[in-house]
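To start, the structure under review is shown below, and the notes come after it.
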Amino acid sequence: MRSRRWSAVAAGLGLVLLASACGDGGGDGGSGGQIEVFSWWTGGGEEAGLNALIERYEEENEGVEFVNAAVAGGSGTNAQAVLEGRLQSQDPPDSFQGHAGAELQDYIEAGYLQPLDEFFDEQGLGAAYPDQLVEQISYEGSVYSVPVNIHRSNVMWFSPSVLEEAGVDGPPETLDELLEALEAVESETDAIPMVVGAQWTVDHLLESVLLGSLGTDAYNALWEPGASWDTPEVAGALETFDTILSYTQEESAAEDWQEASRRVSDGEAAFNIMGDWAAGYFDEVGALPGEDYDWAASPGTDGTYMWLSDSFTLPVGAPNEENTYSWLELVASKEGQDLFNPLKGSIPARSDADPARYADNPYLDSALAEWQAGPELAGSFWHGVTVGNRWKNDIDTAVGLYLGNGDLDALNEALHEAAQTE
Ligand code: GAL
């Protein structure tokens, strides 16, 4: 790890080098102390991935106390609010998880993050990550975070046994086929046709329906500031969304995404549209691919990877910078990514990861192959790629109102408004 390697160099060459070693990050210049890492990975698969990294960090950084400051709540709904409060009151953790893309830009523009250019150069990271990903973590020519993975948002998980009972012959490929399948499940079985969890899982569903209905280019164009959502195409997509929601149970803050995934693998529900962190959950609970659950691209989105990426940062004023650099080094490394991602249900952000590490999990095996083949790309809005927090929260508020009053026109109008005020 960086701190140890550099102290060894300094021991050989003198203290001048130790001083320059601390040059780009300050730091406490030695081992020991603490590191506080902030995320929302507290359960089902996500925690297992984080714990594997923590264990490795502790092995490699003896004497550093690891403080896992994870705040529960899928997709960071609670964690992001806690984090914002801490950043505003200048009480940052040593590193926090943020999504590559517009969400990260918000943190950078607020002045919360330190640039990591020197670190990237030393670690050769510019070449290790795809260029498009580096763009998403850059601002005015500097890089600001260290991506650990690529997740896919547009995955439809389904229960093979419920589909069979409903007489549905294989996963629906289009949104029209999905609606037919939902109807068949409703009339032929006792299962929930499309399961949702807390409200954010409805936002998550919305992005896949928009992508499936509009197509990749038109979906991507929605996120240009000032884009028109006041179109027959968006209205049509929202009608489909509304119909799909009529086949869900009521969303509930008490049920997060793990519970929705569980209902699929236990055969209580037919379908769930959720990111591939669900693959980590299924593994952890021992659900079997092809038997207890199966997957396909969410209807209408085959060939497109709606991506998002978890990345770690060095906040301004982080109390233990040198320990943070050691953490970022682990997170950036091939070894760290190949340790974390098979448990997390994601594929590595680095381009040189070892495919054999993913081959045991049929989902991850196929996801990695698809990613490496160069799919079309769409950015997840809910998970921070295409929009920052203001726009995202406006959409969430509009979705919440619509869930209460069912007013689809008002939803469309609010979504249009949200796009105008960037
Ligand atoms: C996403 C995050 C994933 C996963 C998911 C569910 O926003 O990028 O790593 O944690 O939320 O909690």
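Just follow the structure's listing: the first ligand is 1, and inside any ligand the first atom is 1. All residue numbers in this chain count up from 1 along the given sequence. Every value quoted in this text rests on a predicted model; they were computed, and no experiment measured them.
Remark: minimum distance from atom 3 (C) of ligand 1 to any protein heavy atom is reached at K344 NZ, 3.4 Å. Among protein heavy atoms, the minimum distance from atom 1 (C) of ligand 1 is reached at H383 ND1, 3.3 Å. For atom 4 (C) of ligand 1, the nearest protein heavy atom (residue, atom name, distance) is E46 OE1, 3.1 Å. Scanning all protein heavy atoms for the shortest distance to atom 8 (O) of ligand 1 gives D310 OD1, 2.5 Å.
A salt bridge links D394 to R390: one of the charged nitrogens lies within less than 4.0 Å of a carboxylate oxygen.
At most 12 heavy atoms of other shown residues, nucleotides or ligands fall within 6.0 angstrom of atom CD in E173.
Residue S145 forms a side chain to side chain donor-acceptor pair (under 3.5 Å) with just one option from S138, S311, S95, S309, and that option is S311.
Note on ring orientation: taking the six-membered ring where Trp is involved, the planes of Y293 and W295 are tilted (angle from 30° to 60°). Between W382 and W200, the ring planes are parallel. Angles under 30° get that label, and only those over 60° would be called perpendicular.
Backbone and side-chain nitrogen or oxygen atoms of W41 are examined, and one is located within less than 3.5 angstrom of a nitrogen or oxygen of ligand 1.
The H99 neighbourhood of ligand 1 comprises atoms 1 (C), 2 (C), 7 (O), 8 (O), with distances under 4.0 Å to a heavy atom of that residue. Short contacts between ligand 1 and H151, defined as distances under 4.0 Å to a heavy atom of the residue, involve ligand atoms 3 (C), 9 (O). Listed by number with element, the atoms of ligand 1 under 4.0 Å from a non-hydrogen atom of G74 are 12 (O). Atoms of ligand 1 found under 4.0 Å from any heavy atom of L308 (numbered from 1 in listed order, with element): 8 (O).
Of all the heavy atoms in L175 and S213, the pair that sits closest is CD1-N, 3.5 Å. The minimum heavy-atom distance linking E103 with H383 is given by the pair OE1-C, 4.4 Å.
When A72, G43, S75 are checked for heavy-atom proximity to atom 11 (O) of ligand 1, S75 turns out nearest.
If you look at N149 next to ligand 1, there are no close heavy atoms at all, none under 4.0 Å. Only the side chain of W40 comes within contact range of ligand 1, with a heavy atom under 4.0 Å; no backbone atom does.
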>> What verdict does the salt bridge (charged side-chain N to carboxylate O under 4.0 Å, His left out) test give for K334 and D352, after you've listed the backbone C-alpha separation in whole Å, the side-chain angles of each residue and the deciding distance to 0.1 Å?
In response: CA-CA 7 Å; K334 182 163 158 14; D352 60 355; 5.6 Å; no
